[in-house]
There are 2 protein chains.
Amino acid sequence: MKKEEAIFRDFLKTKGLKLTKPRRIILNAVFSTHEHFNVDALYDIIRKRHKNVSRATIYRTMPLMIEAGLIKQALRCQAKDHYEHIFGHKSHLHFICDKCGKIVEKESKQVEKIIKDLAETEGFEIREFNVGAKGLCADCRS
Amino acid sequence: MKKEEAIFRDFLKTKGLKLTKPRRIILNAVFSTHEHFNVDALYDIIRKRHKNVSRATIYRTMPLMIEAGLIKQALRCQAKDHYEHIFGHKSHLHFICDKCGKIVEKESKQVEKIIKDLAETEGFEIREFNVGAKGLCADCRS
DNA sequence: TTTAATTTGAGAATCATTCGCAAAAATAAG
DNA sequence: CTTATTTTTGCGAATGATTCTCAAATTAAA
Ligand SMILES: [Mn+2]
Ligand SMILES: [Mn+2]
Ligand SMILES: [Zn+2]
Ligand SMILES: [Zn+2]
């Protein structure tokens, strides 16, 4: 059993929930990608594998995987929520190109540290960072 | 004429657009608040003043005011886009409480500087920062 | 196998935002 | 002050992502 599956199973158990077949299929789809994804993308991946899971179930599963600490809401693009892995990935910030939609990722321990400190002085408990900027990517500028 | 109106008028002129009555009403509503606002909130403010502007027009005006540099998309809350002033306000980051919805603002020149530098090395031109975190506010933790 | 609790799929319902279009307003010209 | 041209507006319909409802299916326990 893959590590993320163990994490998910354990999380579900603490909530009195079950690691069902559809949930396992969704989990595999989620961790088969290495980019940002949205519900429709997962739906397509699952269909291509000749599995069948309804969109409703995918929608219902995202918050569970977020609460389990496996994924997070990364950004909103084309009116859709996009997610990304947390498990096995470093935190980073996003530069989103308004013109072509491209997303550039950058790491910065510093930014995160500063935000953490600010949160602490405020008594705020951070669950999910959301750091980035919108604008024009290098290609679209020229 | 207030400064923001002059800015808006000048911006519109460069685009061959007109500073109409509805646009002026919306502008006043926008700058009558000093908090984050959404389209419905503006609609209510306008109605209370016995003016009448359709939601469609408000929706159409937001992108104009953004491009004019007067406001920005601040965050998304309860499935609605929320905006805030840029003109006359310092840039800041948002801590959003998942439980009660409260938003705490914090300034940090440092964070902005680091992000700017990262963008520069990437050749990315920033138009709008989006920095913050979601979690639990001090009140909701206890 | 029986039972009780949870989950699922299908489609309907929501709801913010966008669109289409004919009527109104703004601006320029005469 | 007209007339002509362009832009804008309001209305309501359309869109589309997400959520909800609920009966049937699955799961795990007894
Ligand atoms: Mn990312
Ligand atoms: Mn703010
Ligand atoms: Zn681009
Ligand atoms: Zn709170």
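Reminder, nothing fancy here: chain letters follow the sequence lines and each chain counts from 1.
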Between D:dT27 (P) and A:Leu19 (CG): distance, integer Å: 10 Å
A:Arg55 (side chain) donor-acceptor with A:Tyr43 (main chain) under 3.5 angstrom: no
B:Leu12 CG to D:dT8 P, straight-line distance once rounded to whole Å: 8 Å
Under 4.0 angstrom between A:Arg55 side-chain N/O and C:dG11 OP1 or OP2: no
Shortest side-chain distance from B:Leu17, nucleotide among D:dT8, D:dG10, C:dT8: D:dT8
Common cluster, A:Ile86/A:Phe37, ILVMFWY with side-chain heavy-atom separation under 4.5 Å: no
Short side-chain N/O contact to D:dT27 OP1/OP2 from A:Lys18, under 4.0 Å: no
For B:His36, the option from B:Glu105, B:His82, B:His85 that meets side chain to side chain donor-acceptor pair (under 3.5 Å): B:Glu105
Rounded interatomic separation in angstrom, taking NZ from B:Lys80 and P from C:dC15: 9 Å
OP1 or OP2 of D:dT18 under 4.0 Å from side-chain N/O of A:Arg76: yes
Phosphate OP1/OP2 of C:dT6 contacted by A:Thr20 side-chain N/O (<4.0 Å): no
N/O (side chain, B:Tyr59) to phosphate O (OP1/OP2, C:dT17) under 4.0 Å: yes
Over all atoms of both residues, closest heavy-atom pair of B:Ser91 and B:Glu107: O-CG, 3.6 Å
Sugar-phosphate, base or nothing in reach of B:Asn52, heavy atoms under 4.0 Å: sugar-phosphate
Side-chain donor or acceptor of A:Thr33 paired with backbone N/O of A:Val30 under 3.5 Å: no
OP1 or OP2 of D:dT19 under 4.0 Å from side-chain N/O of A:Arg60: no
Point-to-point distance, once rounded to the nearest 0.5 Å, from CD1 of A:Ile26 to CZ of A:Phe8: 8.0 Å
d(CD1, A:Ile66; P, D:dT18) in whole Å: 11 Å
Phosphate-side-chain proximity, A:Ser54 and C:dA10, N/O vs OP1/OP2 below 4.0 Å: no
Closest-nucleotide ordering on DNA chain C, the 5'-leading residue of A:Gly16 and B:Val39: A:Gly16
Sugar-phosphate, base or nothing in reach of A:Asp81, heavy atoms under 4.0 Å: sugar-phosphate
Whole-Å distance separating the NZ atom of A:Lys13 from the P atom of C:dT6: 16 Å
Spacing between A:Tyr43 atom OH and D:dA17 atom P, to the nearest angstrom: 13 Å
Residue mapping more 5' on DNA chain C - nearest nucleotide basis, B:Gln78 or A:Ala56: A:Ala56
Residue A:Arg23, side-chain atoms from C-beta onward, closest of D:dT9, C:dT7, D:dT7: C:dT7
Between C1' of D:dT9 and NZ of B:Lys51, the distance in whole Å: 17 Å
Touch class at under 4.0 angstrom, heavy-atom based, for A:Ala79 against every strand present: sugar-phosphate
Atom-to-atom span, CG of A:Asp40 to P of D:dG16 - whole angstrom: 11 Å
